[in-house]
Structure formats: structure tokens, C-alpha cells
2 protein chains.
Amino acid sequence: MSDFAATRALFDLPEGVIYLDGNSLGPLPRAAAARVAEMMTEEWGKMLITAWNKAGWMAAPRRVGDRIGRLIGAPEGTVVMGDTLSVKVYQALASALEMRPDRRVILSDSGNFPSDLYMAEGLVRTLGGAHELRLVAPEEVEDAIDEEVAVLMLTEVDYRTGRRHDMPALTAKAHAKGALAIWDLAHSAGAVDVDVTSGAADFAVGCTYKFLNGGPGAPAFIYVAPQHAETARPALSGWLGHAAPFDFETGYRPGAGIERMRVGTPPMIQLAALETALDAFEGVTMEDLRARSIELSERFIAGVEAACPALTLASPRDPARRGSQVSFRFEEGYAAMQALIDRGVIGDFRAPDIMRFGITPLYLGEAEIDRAVAVMGEVMEARLWDRAEYRARAAVT
Amino acid sequence: MSDFAATRALFDLPEGVIYLDGNSLGPLPRAAAARVAEMMTEEWGKMLITAWNKAGWMAAPRRVGDRIGRLIGAPEGTVVMGDTLSVKVYQALASALEMRPDRRVILSDSGNFPSDLYMAEGLVRTLGGAHELRLVAPEEVEDAIDEEVAVLMLTEVDYRTGRRHDMPALTAKAHAKGALAIWDLAHSAGAVDVDVTSGAADFAVGCTYKFLNGGPGAPAFIYVAPQHAETARPALSGWLGHAAPFDFETGYRPGAGIERMRVGTPPMIQLAALETALDAFEGVTMEDLRARSIELSERFIAGVEAACPALTLASPRDPARRGSQVSFRFEEGYAAMQALIDRGVIGDFRAPDIMRFGITPLYLGEAEIDRAVAVMGEVMEARLWDRAEYRARAAVT
């Protein structure tokens, strides 16, 4: 049985803050700063260059990748860390398109995170412009998968509404039509019971600073399905993805399996923070975490709908179709969120009218949910969002 | 007058170690671990998501870029941090090739760092294969610049021999022939008096974990010459390079100037370490640093040649043609380097026979140079490299 009282003790949240923005930046794990300081002084400071081997730095992107793999249903040796999520999107998409040379369409949805779309746009330009990035509404994706599609590229959980795509069903349809599927798990990894194996994803990518609590700018991950591991060819063919990086050959030869998806020197300080953060997941199963997330989300929705009639649920009401985030629409959502933040309830806002709240069982329980609901009720009841100070406040990202 | 006794006090080197591998991984700045711990606890821990604005995180890639810009002769607002050097090579090269649509040749040299060549190879494949990566010997570069060349892509200082290209001359020839020039400053930034402005580089890229001491996996930088800032179009078009990242538009619009070269979320923990490391450069000028580097390098060469007749200088003898690194050839260089490392003199080895020694005035002086020479003399005199333990030792990268 997963012990969420124990995981909660692993995080250091400021007094009086109810943090409902772990879907944007996870909080500081209590042990992370000391671990990073130790890594810096004992490994970097004392071992210097030899730490790349002696302290296991060179192997870290695979070691950490395997730990994340366990949270997303990926077998050992199929996930590697590095770069940012946007770069990993490019890497996965370029590889996938090359595996479908006779097709030209990248299918995505208009709710995808913009950076994924921008990276696809940049790749299409680099490829010469013959490809097409085709966008449809999220609910029209299934019908739009046809024999023209080379790659279906989706984010499983919508960053604004929390709507969760049906990965197994959409991937199955993509495969039936001869397309490959890339899944962005930015709002899934560490948040929902995603399983890239049963979901049959060809590639998956994600960031680690949201629900995985790896810290600001923590490195991204990439998963390549075992059947593609030796055929996927990275467009970003960096030396640490080479079959023999330290032979310094003039020509590129891809490394074995997932190794080829490495590019440059791994960010060891960020990786040390991330490794510490992942300890929180050792004591829980993703099934328990998902159940708890749904329990808390349902409580939050019921509470807010009772206390704040002006707010409209923007997330799917069916928990099976929702990630670990609850969003409400409110015309004055920006100002309302500022009023909440001033009262210690930290969520965030996405234009034009979405108030987002991340539900993170590792460090949130019933007491925080209830307190957040109560503060939201006060803000709405007293129309605090109508104050000029909140309306005029500069955007906090 | 630059005070190198003062800069030396800023670094924490282990007792008994003479560190001549700062060209691979710079040592730990004394203040870095505490600064990183403070950033983690006070900014990440207490400000949480609001730190992106309140703690100046979002602006850090530009702020740090400007500090590096001052070391490489780049005007304010022309350098930005992010990603790894390999990714930045791809970004610069893709932009430059797009600015020369009628040409197909990328000219580089066989002494370039392999990852730069691999990234170019990957880009050529992604572009459809019509481009050619043409490699010549370093000394043949000048003659090989002709009207076919779209982009001259060189690393200023050779990672094995320390040979320094003549940036102004080669760039001038490239421009005369209608080509653009990209300079990799991995072994230049913080090491030599490079000036991208007088050198007329169109793009420059570099890493920050070598002579800049930013720590393992510290982010890379990219410089775009002012005249290209508004026309260069990034192939890696990520959301933080968008004109309005937080408007979450579906289509990409490049940000103003150097901002467009940003891709994803910046690695804030690594950036905090790097910012601290850059403090060491506040008290020195690059002219003084260069003069001191030459002084120490000349002393090292003279000492080694006197004490170790079996070693052959692999670096140019003319200091003007050398970076801040001295290399010697020795058939048993691998084993000899192991013997040196065991005696506290840390350099490194590059196949087939190069022993590399980084000369870093920020934390090295005459005493260390003389001591290193003495130990090298002992190792060679006693043929310590002939011991099985050194010959058989697994590679330390």
C-alpha cells in the first residue's frame, strides 16, 4: 500500500502555501539541495574529470531513464535523459518521419502544447516543406487518422483542460492506418498510470520538472519502443549518441539502441536533483497514485462547484478522461488567480479564461484540497478578483 | 592589472592535485555549491513557480549570455544560453544554410570536434542529402574556401593539438567568397582573447564547462552577429524562442533577435552554478589572461622538452597559433597519463598518442607548472608508463 504521508514528508513546502501548480513546476524535494551540494563538492570538486566514470556520471542518463521508465511502463533500457522536451520532440519526430518516407502528414491537435507544434513546424521547414503539420480539434483526432498520416503526434494530457487522450485506442488506429505514434507525456509521467508498452507508443517524450519534481529546467526523457531501437536514426546525431564516442571518429555511427538518442554532455547537476526527486516514487505505485489523484480531484471539483457557482468545469467530468489536473473557466480568471495566490493557494492561469490546478498526491491531501476550496469560495463570494491590484498585476508565468 | 592570486582563491582544488584538465572540465568554484543550494532552497523551494519572474529565472539565459559575450567580444544582447553545444551547432548551421539557399557545401576540417561533424551530418540527412559536408586538413582550410561553400564551420582551437585557427583571416576569405562562418569556441571562450566582432563571425557557439568552469553539463551558448539577428530562422523553433511564448499561439513566430535561439525551459540549477563560476572573470581582462596563459604555456613547453626528450610537441610552437592547451605526442601516452594522474598531475589523453594539458591561469601558476614538469620528468625517467597497471587501466574520459 502506497504511503502518501511518507511521500509528503519528503517535500519542503512553504508555511501556509497550498501548492496546486505541481503540473507546472514541482516543489523542492527536501533532500535535493543537500544531495546536489554533495555531488558538487564530493564528485565535481574532488574527482574532477574522473567523475565521469568514477561517480557514474556518464551512465546517469540511462540510469535515470530507467527509473522514469518504470513510471511509464517502459522496459529497462528504452528511456534516456537529456536536452529539453522540445528538442526531444524534434528528435522523435524526425526519426519517425524517416521511418515513413512515403507519407507526408504529421497529425496533431490544436490543444497540443505549442512548443511541440513549433518544433514540428521547424522540422517541416528543414525537411524542405513537403510535409504538412495537420491540426484538428482534440475530439476530431480519431476520425482524422487516415492513410496519409505518417506520424500521429499528441500530448496525452492537455495542458489547459487536463483532457486525457485514449493512448491505446488512438495508437491502435494509427497503426492500423500504417502511421507511427509519438506521445508527449509532459503531464502524464508521474501523474497518471500511463503505460507506453500496453499503449503501444512508438516514441514517447516528456519533461521532468512537473509531476516528477526534478527542478526548474530538469532534463527531458525520450522513449523508443524496442522494435524501433535499432532502426530509429537520430537527426540530432551528437557524439554521446555515437557507437564509440571516445574513439572520436570523423563519421557518425549510431550507438546501440536508446544510446543513440543521447546528444551532448548530460547536465549532471540537474540530474542529481532529479535523481533525488525520483526517490519519492519509490514508495508508491502508479496505480495507487492514480486512484488517489482521482479521489482528490473529485473532491476538489465537488467542492469548487458547490462554493463557486461562477466557475465552469473546463476539464472532462469523467475522471478516466482527465489527467491529474482540474481546470475551471472564469472570465476574470486571471485576476481571480492573483487573489488566490495572495492567499497562499497557488494555481495558474492560461489565456483566455482557464484557471488550472494540479492535483499531486505526493504532497497534497484532503486538508489542502478543502482549504483551497474554502479560499476559492471566499475569493468568489467577496468578488476579490474585481480589485484593480489583481486585474493590473503583471503576468506570472 | 588582473589579479590571478585573487582568482585562484575562488577555486577549490583537492590537496596535492595539479589540475591540467580544465580544458575538459573546469574545477569547482568555491562559492558554487553554496550558491546552488541557496538558489534551490530560497528560489525554487520558497518562490516555487513564481521564481520564473521573481527570481529572474526567465531572463537568465540572456543575462548569463551577456556575461559570456563580454569574454568573446560580443555586444550586449547577441548571446543566449541553452541546450548543449551540439544542439547549438545544429541550430547555427541550419540557420546559416538557409541564408545561402543557392549553395550546398559545408566546409570544415578533419580536426574539428567530431560532434560538430556528426551534427552537420545529421542536418545534411534531414535536409534531404543534397548538401555536402566537405572535410579538409586544418592547414588546407584557407585554400578550400571557394564559391561553392555555403558555410565555413570550424572550431577555433583544436581539441587535440591546441592549434588555433586565424578567425579574422579565414572569416574574411569566407565572406569574400560569399560564404558565412560559424565558429565553435569550446576551447576559446575564457581561454584566449577571441573577439567575434573583429573576427566577423556570423555565428559562434561554445560550451561553458571547460575554461568557463560552469560544471558538468553546463549549458551552451550561441552568438548571432547583429546583422543576422532578425533574419536567422531557427530550425529548432521552441516556445521560448517564440515572439510571445505565453500567448500559446498555434503557429511559430520568431522572437526578437537572439531570443529566437532559445528553445525550451532553461536549466536553472546549472545556470546558477555557471553564474557563480563567471564571477572569476570579473577581476581579469582577457588580454591579461591570454598573456599569462602564453607565459605559463611557454614555461611548460620548455620544461617538458628539457625533462622529457621522448615527448614531441604536438601543439604549434608559435604561441599566437596555439590556444590555452599544450599537447605532446608519445606512443605510450595513455599509460604515461595514468602514471601522471596517480601522482596528482591530471591531464588527459586523446587517441592515438596525444597527451593534453590545459593551461588555466585562473588557478594555475609557476609553482604548479614546475611541479607538473618535475613529475613528468620522473615518470619518463623511470619509465613508469611501462607498468602493466597503467597500460591495462580502463579509459577515464
Side-chain angles (χ1 to χ4, degrees), chain A residues 12 14 19 21 24-25 27-28 32-33 36-37 40-41 44-46 48-50 52-53 57-58 83-87 90 94 110 114-115 117-119 121-122 126-128 215-217 235-239 242 246 248-250 252 263-270 273 346 348 395-397, chain B residues 12 14 19 21 24-25 27-28 32-33 36-37 40-41 44-46 48-50 52-53 57 83-87 90 94 110 114-115 117-119 121-122 126-128 215-217 234-239 242 246 248-250 252 263-270 273 346 348 395-397:
Chain A
D12 215 4
Y19 195 57
D21 211 6
S24 188
L25 176 69
L28 175 68
V36 165
M40 290 178 71
T41 52
W44 177 15
K46 295 191 181 154
L48 294 156
I49 188 68
T50 66
W52 283 110
N53 284 339
W57 290 356
M58 202 44 91
D83 307 298
T84 63
L85 175 51
S86 294
V87 168
Y90 189 93
S110 54
S115 202
L117 305 180
Y118 303 159
M119 294 305 285
E121 197 183 319
T126 304
L127 286 167
L236 301 172
S237 41
W239 71 307
H242 192 281
F246 291 95
F248 299 103
E249 298 168 7
T250 313
Y252 181 74
V263 183
T265 303
M268 289 313 309
I269 306 179
Q270 301 275 167
I346 304 183
D348 65 18
V396 170
T397 58
Chain B
D12 214 3
Y19 196 58
D21 210 7
S24 188
L25 175 69
L28 175 70
V36 166
M40 290 177 72
T41 53
W44 178 14
K46 294 189 180 154
L48 293 156
I49 188 68
T50 65
W52 283 110
N53 284 339
W57 290 356
D83 306 298
T84 63
L85 175 51
S86 294
V87 168
Y90 189 94
S110 53
S115 202
L117 305 180
Y118 303 159
M119 295 304 287
E121 197 184 321
T126 303
L127 287 166
L236 301 172
S237 41
W239 72 306
H242 192 281
F246 292 94
F248 299 103
E249 298 169 6
T250 313
Y252 181 75
V263 184
T265 303
M268 289 313 308
I269 306 179
Q270 300 275 167
I346 304 183
D348 65 17
V396 170
T397 58

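We name chains A, B, ... by the order of the sequence lines, and we start the count at 1 in each one.
- Heavy-atom pairs under 4.5 Å with chain B were tallied for Met40(A), Gln270(A), Lys46(A); the largest tally goes to Gln270(A).
- The contact between Tyr90(B) and chain A is made entirely by side chain atoms (from C-beta outward), counting heavy-atom distances below 4.5 Å.
- The distance from the OH atom of Tyr252(B) to the CE atom of Met119(A) is 9.5 Å, given to the nearest 0.5 Å.
- With a 4.5 Å cut-off on non-hydrogen atoms, Asp12(A) touches chain B through its backbone but not through its side chain.
- Looking at Leu85(B), neither its backbone nor its side chain comes within 4.5 Å of chain A, counting heavy atoms on both sides.
- In terms of heavy-atom pairs under 4.5 Å with chain B, the best-connected choice from Gly122(A), Ala273(A), Ala37(A) is Gly122(A).
- Atoms CD1 and CD1, on Ile269(B) and Ile269(A) in that order, are 8.5 Å from each other to the nearest 0.5 Å.
- Distance check, rounded to the nearest 0.5 Å: CD1 of Ile49(B) to CG of Asp348(A) gives 6.5 Å.
- Neither the backbone nor the side chain of Ala94(A) comes within less than 4.5 Å of any heavy atom in chain B.
- Under the 4.5 Å side-chain criterion, counting only non-hydrogen atoms from C-beta, Leu127(A) is in contact with Thr126(B).
- Proximity of a side-chain donor or acceptor of Thr84(A) to a complementary backbone N or O of Thr265(B) within less than 3.5 Å is not detected.
- Of the listed residues (Pro216(B), Pro14(B), Pro114(B), Gly215(B)), the one with the most heavy-atom contacts under 4.5 Å to chain A is Pro216(B).
- Proximity to chain A involves both the backbone and the side chain of Pro27(B), based on heavy atoms less than 4.5 angstrom apart.
- Counting heavy-atom pairs under 4.5 Å between each of Ser237(A), Ala33(A), Gly238(A) and chain B puts Ser237(A) at the top.
- Heavy-atom pairs under 4.5 Å with chain B peak, among Leu48(A), Leu25(A), Thr41(A), at Leu48(A).
- Tyr118(B) contributes a side-chain N or O that, together with a main-chain N or O of Glu249(A), makes up a donor-acceptor pair within less than 3.5 Å.
- Chain A forms the most heavy-atom pairs under 4.5 Å with one residue out of Pro267(B), Ser110(B), Ser86(B), and that residue is Pro267(B).
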